[in-house]
Peer 1: 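Can you read through this structure? Questions will come right after.
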Protein chains: 2
Amino acid sequence: MTIKEVCEKYDITADTLRYYERVGVIPAVTRTSGGIRDYQAEDIAWVENAICFRDAGMPVEMLIEYVKLYQEGDGTIDARTALLREAREVMLEAKKKYDIALAKLDYKIGRYEIAQKTGVLSWTDDEKDG
Amino acid sequence: MTIKEVCEKYDITADTLRYYERVGVIPAVTRTSGGIRDYQAEDIAWVENAICFRDAGMPVEMLIEYVKLYQEGDGTIDARTALLREAREVMLEAKKKYDIALAKLDYKIGRYEIAQKTGVLSWTDDEKDG
DNA sequence: GTACAACTTGGAGTGAACTCCAAGTCAAGC
DNA sequence: GCTTGACTTGGAGTTCACTCCAAGTTGTAC
(Lines give C-alpha, C1' and ligand atoms only; values in the text may rest on other atoms or scores of the structure.)
Protein backbone atom coordinates (compact mmCIF):
# COMPACT_ATOMS: atom_id res chain seq x y z
CA MET A 1 0.00 0.00 0.00
CA THR A 2 1.39 3.42 -0.96
CA ILE A 3 1.53 6.32 1.48
CA LYS A 4 -1.29 7.95 -0.47
CA GLU A 5 -3.57 4.96 -0.02
CA VAL A 6 -2.84 4.87 3.71
CA CYS A 7 -3.56 8.61 3.93
CA GLU A 8 -6.92 8.15 2.26
CA LYS A 9 -7.82 5.07 4.28
CA TYR A 10 -7.19 6.77 7.63
CA ASP A 11 -7.84 10.40 6.69
CA ILE A 12 -4.39 11.54 7.76
CA THR A 13 -1.76 13.51 5.84
CA ALA A 14 1.37 11.97 4.29
CA ASP A 15 3.41 14.46 6.30
CA THR A 16 1.97 13.11 9.52
CA LEU A 17 2.67 9.51 8.49
CA ARG A 18 6.26 10.39 7.62
CA TYR A 19 6.58 12.36 10.87
CA TYR A 20 5.33 9.38 12.90
CA GLU A 21 7.92 7.16 11.27
CA ARG A 22 10.71 9.70 11.62
CA VAL A 23 10.23 10.27 15.36
CA GLY A 24 9.46 6.61 16.09
CA VAL A 25 5.72 6.63 16.81
CA ILE A 26 5.68 3.68 14.40
CA PRO A 27 8.62 1.45 13.41
CA ALA A 28 10.37 1.86 10.04
CA VAL A 29 7.93 1.16 7.21
CA THR A 30 8.67 -1.45 4.50
CA ARG A 31 10.19 0.11 1.34
CA THR A 32 10.35 -0.82 -2.34
CA SER A 33 13.81 -1.38 -3.90
CA GLY A 34 13.67 2.29 -4.92
CA GLY A 35 13.17 3.42 -1.31
CA ILE A 36 9.48 4.26 -1.59
CA ARG A 37 7.21 3.34 1.33
CA ASP A 38 5.10 0.24 0.67
CA TYR A 39 2.96 -0.34 3.76
CA GLN A 40 2.44 -4.01 4.65
CA ALA A 41 -0.30 -5.35 6.97
CA GLU A 42 2.02 -5.04 9.96
CA ASP A 43 2.99 -1.45 9.12
CA ILE A 44 -0.67 -0.61 8.74
CA ALA A 45 -1.50 -2.19 12.10
CA TRP A 46 1.08 0.11 13.73
CA VAL A 47 -0.38 3.14 11.92
CA GLU A 48 -3.86 2.18 13.05
CA ASN A 49 -2.75 1.86 16.65
CA ALA A 50 -0.86 5.14 16.56
CA ILE A 51 -3.91 7.00 15.23
CA CYS A 52 -6.21 5.28 17.71
CA PHE A 53 -4.07 6.12 20.74
CA ARG A 54 -3.28 9.66 19.58
CA ASP A 55 -7.03 10.21 19.18
CA ALA A 56 -7.38 9.26 22.82
CA GLY A 57 -4.84 11.88 23.83
CA MET A 58 -1.88 9.55 24.35
CA PRO A 59 1.24 11.71 23.93
CA VAL A 60 3.59 11.08 21.01
CA GLU A 61 6.41 10.60 23.55
CA MET A 62 4.58 7.66 25.12
CA LEU A 63 4.01 5.95 21.78
CA ILE A 64 7.69 6.40 20.94
CA GLU A 65 8.63 4.82 24.26
CA TYR A 66 6.32 1.88 23.58
CA VAL A 67 7.76 1.24 20.11
CA LYS A 68 11.27 1.47 21.55
CA LEU A 69 10.44 -1.15 24.20
CA TYR A 70 8.79 -3.36 21.59
CA GLN A 71 11.91 -3.25 19.45
CA GLU A 72 14.08 -4.22 22.40
CA GLY A 73 12.32 -7.58 22.54
CA ASP A 74 10.48 -9.83 24.98
CA GLY A 75 12.54 -8.63 27.95
CA THR A 76 10.50 -5.43 27.99
CA ILE A 77 7.08 -7.01 28.34
CA ASP A 78 6.75 -5.90 31.97
CA ALA A 79 7.72 -2.36 31.07
CA ARG A 80 5.28 -2.33 28.16
CA THR A 81 2.47 -3.61 30.35
CA ALA A 82 3.22 -0.92 32.92
CA LEU A 83 3.21 1.74 30.20
CA LEU A 84 -0.13 0.55 28.84
CA ARG A 85 -1.61 0.46 32.35
CA GLU A 86 -0.49 4.03 32.93
CA ALA A 87 -1.98 5.10 29.61
CA ARG A 88 -5.20 3.38 30.65
CA GLU A 89 -5.39 5.33 33.92
CA VAL A 90 -4.79 8.63 32.13
CA MET A 91 -7.49 7.84 29.56
CA LEU A 92 -10.03 6.87 32.21
CA GLU A 93 -9.34 10.14 34.04
CA ALA A 94 -9.73 12.11 30.81
CA LYS A 95 -12.97 10.31 30.02
CA LYS A 96 -14.33 11.29 33.43
CA LYS A 97 -13.56 14.92 32.61
CA TYR A 98 -15.60 14.56 29.43
CA ASP A 99 -18.54 13.21 31.40
CA ILE A 100 -18.40 16.11 33.84
CA ALA A 101 -18.22 18.65 31.01
CA LEU A 102 -21.05 16.92 29.13
CA ALA A 103 -23.26 17.02 32.21
CA LYS A 104 -22.55 20.72 32.60
CA LEU A 105 -23.18 21.28 28.91
CA ASP A 106 -26.47 19.39 28.93
CA TYR A 107 -27.64 21.38 31.92
CA LYS A 108 -26.80 24.68 30.25
CA ILE A 109 -28.37 23.64 26.95
CA GLY A 110 -31.50 22.59 28.83
CA ARG A 111 -31.71 25.97 30.52
CA TYR A 112 -31.27 27.81 27.23
CA GLU A 113 -33.95 25.69 25.58
CA ILE A 114 -36.41 26.69 28.30
CA ALA A 115 -35.34 30.30 27.86
CA GLN A 116 -35.93 30.06 24.11
CA LYS A 117 -39.47 28.73 24.69
CA THR A 118 -40.49 31.05 27.53
CA GLY A 119 -38.37 34.07 26.66
CA VAL A 120 -37.08 34.08 30.24
CA LEU A 121 -33.67 32.96 31.41
CA SER A 122 -33.86 32.22 35.13
CA TRP A 123 -30.82 31.84 37.33
CA THR A 124 -30.02 30.33 40.67
CA ASP A 125 -27.78 32.35 42.98
CA ASP A 126 -24.50 30.58 42.35
CA GLU A 127 -24.91 30.33 38.64
CA LYS A 128 -24.42 33.74 37.07
CA ASP A 129 -22.00 32.46 34.47
CA GLY A 130 -23.96 32.17 31.26
CA MET B 1 -10.44 35.28 46.85
CA THR B 2 -6.89 36.04 45.71
CA ILE B 3 -5.39 34.61 42.54
CA LYS B 4 -3.21 32.37 44.69
CA GLU B 5 -6.21 30.88 46.48
CA VAL B 6 -7.93 30.21 43.15
CA CYS B 7 -4.75 28.57 41.85
CA GLU B 8 -4.60 26.25 44.83
CA LYS B 9 -8.29 25.49 44.77
CA TYR B 10 -8.26 24.44 41.09
CA ASP B 11 -4.65 23.31 40.72
CA ILE B 12 -3.93 25.75 37.93
CA THR B 13 -1.15 28.34 37.58
CA ALA B 14 -1.63 32.07 38.12
CA ASP B 15 -0.22 32.60 34.63
CA THR B 16 -2.96 30.46 33.14
CA LEU B 17 -5.66 32.32 35.08
CA ARG B 18 -4.28 35.67 33.90
CA TYR B 19 -3.98 34.30 30.35
CA TYR B 20 -7.61 33.15 30.40
CA GLU B 21 -8.70 36.61 31.47
CA ARG B 22 -6.45 38.40 28.99
CA VAL B 23 -7.68 36.50 25.94
CA GLY B 24 -11.32 36.40 27.10
CA VAL B 25 -11.83 32.78 28.11
CA ILE B 26 -13.35 34.32 31.24
CA PRO B 27 -14.75 37.84 31.63
CA ALA B 28 -12.75 40.53 33.47
CA VAL B 29 -12.24 39.52 37.10
CA THR B 30 -13.30 41.80 40.00
CA ARG B 31 -10.40 43.93 41.32
CA THR B 32 -9.55 45.63 44.63
CA SER B 33 -9.13 49.43 44.64
CA GLY B 34 -5.41 48.76 44.15
CA GLY B 35 -6.05 46.77 40.96
CA ILE B 36 -5.40 43.35 42.43
CA ARG B 37 -7.68 40.47 41.37
CA ASP B 38 -10.26 39.57 44.02
CA TYR B 39 -12.28 36.65 42.62
CA GLN B 40 -15.99 36.74 43.53
CA ALA B 41 -18.38 33.76 43.36
CA GLU B 42 -19.32 34.71 39.80
CA ASP B 43 -15.70 35.03 38.68
CA ILE B 44 -14.98 31.66 40.24
CA ALA B 45 -17.93 30.08 38.46
CA TRP B 46 -16.48 31.26 35.14
CA VAL B 47 -13.07 29.88 36.08
CA GLU B 48 -14.62 26.57 37.03
CA ASN B 49 -16.46 26.34 33.72
CA ALA B 50 -13.40 27.29 31.73
CA ILE B 51 -11.31 24.58 33.41
CA CYS B 52 -14.08 22.02 33.04
CA PHE B 53 -14.59 22.67 29.33
CA ARG B 54 -10.87 22.95 28.57
CA ASP B 55 -10.38 19.59 30.32
CA ALA B 56 -12.89 18.17 27.87
CA GLY B 57 -10.88 19.46 24.93
CA MET B 58 -13.01 22.50 24.12
CA PRO B 59 -10.75 24.95 22.29
CA VAL B 60 -9.88 28.28 23.90
CA GLU B 61 -11.30 29.99 20.79
CA MET B 62 -14.71 28.47 21.43
CA LEU B 63 -14.76 29.57 25.06
CA ILE B 64 -13.78 33.10 23.98
CA GLU B 65 -16.64 33.10 21.48
CA TYR B 66 -19.09 31.97 24.16
CA VAL B 67 -18.00 34.68 26.62
CA LYS B 68 -18.26 37.26 23.83
CA LEU B 69 -21.83 36.16 23.05
CA TYR B 70 -22.72 36.15 26.75
CA GLN B 71 -21.50 39.71 27.11
CA GLU B 72 -23.57 40.81 24.13
CA GLY B 73 -26.73 39.96 26.08
CA ASP B 74 -29.94 37.95 25.73
CA GLY B 75 -30.09 38.45 21.96
CA THR B 76 -27.35 35.83 21.57
CA ILE B 77 -29.10 32.99 23.37
CA ASP B 78 -29.76 31.11 20.11
CA ALA B 79 -26.14 31.49 19.06
CA ARG B 80 -24.95 30.34 22.47
CA THR B 81 -27.21 27.30 22.39
CA ALA B 82 -25.91 26.40 18.93
CA LEU B 83 -22.33 26.77 20.15
CA LEU B 84 -22.96 24.53 23.16
CA ARG B 85 -24.68 21.93 20.97
CA GLU B 86 -21.70 21.88 18.64
CA ALA B 87 -19.33 21.50 21.59
CA ARG B 88 -21.49 18.64 22.78
CA GLU B 89 -21.21 16.80 19.46
CA VAL B 90 -17.43 17.22 19.40
CA MET B 91 -17.14 15.93 22.96
CA LEU B 92 -19.29 12.88 22.27
CA GLU B 93 -17.13 12.06 19.24
CA ALA B 94 -13.96 12.45 21.30
CA LYS B 95 -15.38 10.26 24.04
CA LYS B 96 -16.06 7.52 21.50
CA LYS B 97 -12.40 7.65 20.47
CA TYR B 98 -11.44 7.11 24.10
CA ASP B 99 -13.66 4.05 24.30
CA ILE B 100 -12.11 2.55 21.18
CA ALA B 101 -8.59 3.19 22.47
CA LEU B 102 -9.48 1.80 25.90
CA ALA B 103 -10.85 -1.39 24.34
CA LYS B 104 -7.64 -1.80 22.34
CA LEU B 105 -5.58 -1.07 25.42
CA ASP B 106 -7.47 -3.55 27.58
CA TYR B 107 -7.04 -6.23 24.93
CA LYS B 108 -3.29 -5.62 24.72
CA ILE B 109 -2.87 -5.51 28.49
CA GLY B 110 -4.81 -8.78 28.74
CA ARG B 111 -2.50 -10.42 26.23
CA TYR B 112 0.58 -9.20 28.05
CA GLU B 113 -0.75 -10.46 31.38
CA ILE B 114 -1.15 -13.95 29.90
CA ALA B 115 2.35 -13.68 28.44
CA GLN B 116 3.72 -12.72 31.85
CA LYS B 117 2.09 -15.77 33.46
CA THR B 118 2.88 -18.33 30.76
CA GLY B 119 6.11 -16.82 29.41
CA VAL B 120 4.66 -17.04 25.91
CA LEU B 121 3.32 -14.17 23.83
CA SER B 122 1.04 -15.58 21.15
CA TRP B 123 -0.10 -13.62 18.16
CA THR B 124 -2.86 -13.82 15.65
CA ASP B 125 -1.89 -13.26 12.00
CA ASP B 126 -3.03 -9.68 11.64
CA GLU B 127 -1.72 -8.52 14.95
CA LYS B 128 2.06 -8.30 14.82
CA ASP B 129 2.18 -4.83 16.32
CA GLY B 130 3.19 -5.27 19.93
C1' DG C 1 13.80 8.62 -23.63
C1' DT C 2 11.36 12.26 -21.87
C1' DA C 3 7.65 14.45 -19.52
C1' DC C 4 5.40 14.59 -15.28
C1' DA C 5 3.25 13.29 -11.12
C1' DA C 6 4.29 11.22 -6.85
C1' DC C 7 7.66 10.04 -4.03
C1' DT C 8 12.05 10.95 -1.03
C1' DT C 9 14.91 13.69 2.62
C1' DG C 10 16.40 17.14 6.25
C1' DG C 11 15.16 21.02 8.09
C1' DA C 12 12.43 25.13 8.83
C1' DG C 13 7.84 27.07 9.96
C1' DT C 14 3.17 27.13 12.29
C1' DG C 15 -0.76 27.27 15.61
C1' DA C 16 -2.57 26.29 20.03
C1' DA C 17 -2.08 26.84 24.72
C1' DC C 18 0.30 28.01 27.81
C1' DT C 19 4.69 29.70 30.56
C1' DC C 20 8.21 32.78 31.68
C1' DC C 21 10.33 37.29 32.28
C1' DA C 22 11.39 42.19 33.51
C1' DA C 23 10.08 46.12 35.49
C1' DG C 24 7.20 48.05 38.27
C1' DT C 25 3.11 48.43 42.13
C1' DC C 26 0.64 46.99 46.34
C1' DA C 27 0.07 45.55 51.09
C1' DA C 28 1.20 43.35 55.57
C1' DG C 29 4.70 43.20 59.38
C1' DC C 30 8.06 45.49 62.05
C1' DG D 1 8.60 54.47 56.46
C1' DC D 2 11.04 50.51 55.02
C1' DT D 3 11.53 45.66 53.93
C1' DT D 4 9.62 41.72 51.89
C1' DG D 5 6.75 39.06 49.26
C1' DA D 6 2.83 38.79 46.35
C1' DC D 7 0.75 41.13 42.95
C1' DT D 8 0.48 43.84 38.30
C1' DT D 9 1.42 44.43 33.04
C1' DG D 10 2.95 43.65 28.15
C1' DG D 11 5.51 40.96 25.66
C1' DA D 12 8.70 37.29 24.63
C1' DG D 13 9.69 32.31 24.90
C1' DT D 14 8.44 27.28 25.10
C1' DT D 15 6.31 22.88 24.07
C1' DC D 16 3.68 19.81 21.46
C1' DA D 17 2.26 17.96 17.33
C1' DC D 18 2.24 18.59 13.33
C1' DT D 19 2.84 21.06 8.51
C1' DC D 20 5.35 23.04 4.91
C1' DC D 21 9.26 23.61 1.86
C1' DA D 22 13.20 22.93 -1.39
C1' DA D 23 15.89 20.07 -3.79
C1' DG D 24 16.37 15.87 -5.52
C1' DT D 25 14.70 10.75 -6.96
C1' DT D 26 11.40 7.25 -8.69
C1' DG D 27 8.16 5.31 -11.64
C1' DT D 28 4.59 5.32 -15.14
C1' DA D 29 2.59 6.92 -19.59
C1' DC D 30 3.40 8.28 -23.95
Peer 1: Go through the side-chain N and O atoms of B/Asp38 and B/Thr32 and say whether any donor and acceptor fall under 3.5 Å apart.
Peer 2: no

Peer 1: Using a 4.0 Å cut-off on heavy atoms, which residues in residues 9-30 of chain B reach DNA chain D? List them by number, or say none.
Peer 2: B/Arg18, B/Arg22

Peer 1: Quick one: does A/Val25's side chain get under 4.5 Å of A/Tyr19's, heavy atoms only?
Peer 2: no

Peer 1: Tell me if a side-chain donor or acceptor on A/Thr76 pairs with a main-chain N or O of A/Ala79 at a distance below 3.5 Å.
Peer 2: no

Peer 1: In Å, rounded to the nearest 0.5 Å, how long is the span from CD of B/Gln71 to CG of B/Leu69?
Peer 2: 10.0 Å

Peer 1: Enumerate, atom names and distances included, each donor-acceptor pair closer than 3.5 Å involving a side-chain atom of residues 57-65 of chain A, sequence neighbours excluded.
Peer 2:
none

Peer 1: Kindly list each side-chain donor-acceptor pair under 3.5 angstrom involving residues 9-16 of chain A, sequence neighbours excluded, with atom names and distances?
Peer 2:
unit_1, atom_1, unit_2, atom_2, d
A/Tyr10, OH, A/Glu48, OE1, 2.4
A/Thr13, OG1, A/Thr16, N, 3.0
A/Thr13, OG1, A/Thr16, OG1, 2.8

Peer 1: For residues 74-100 of chain B, which residue pairs qualify under ring pair (Phe, Tyr, Trp, His ring centres under 6.0 Å), counting only residues two or more places apart or in two chains?
Peer 2: A/Tyr98-B/Tyr98

Peer 1: Using whole Å, report how far CD of B/Glu61 lies from P of C/dA17.
Peer 2: 8 Å

Peer 1: Whether the side chain of B/Asn49 engages the backbone of B/Trp46 through a donor-acceptor N/O pair (distance < 3.5 Å, no angle test) should be reported.
Peer 2: no

Peer 1: Distances under 3.5 Å between protein N/O atoms and the N/O atoms of nucleotides 26-30 of chain C, please, pair by pair.
Peer 2:
none

Peer 1: Checking the side chain of A/Asp43 only, and the main-chain atoms of A/Gln40 only, is there a donor and an acceptor separated by less than 3.5 Å?
Peer 2: yes

Peer 1: Would you say A/Val6 ends up clustered with A/Ile36 if hydrophobic residues are merged whenever their side chains have heavy atoms under 4.5 Å apart, either directly or through other cluster members?
Peer 2: no

Peer 1: Tell me, please, the opening and closing nucleotides of DNA chain D, 5' to 3', among those with an atom under 4.0 angstrom from a non-hydrogen atom of chain B.
Peer 2: D/dC7 to D/dG11

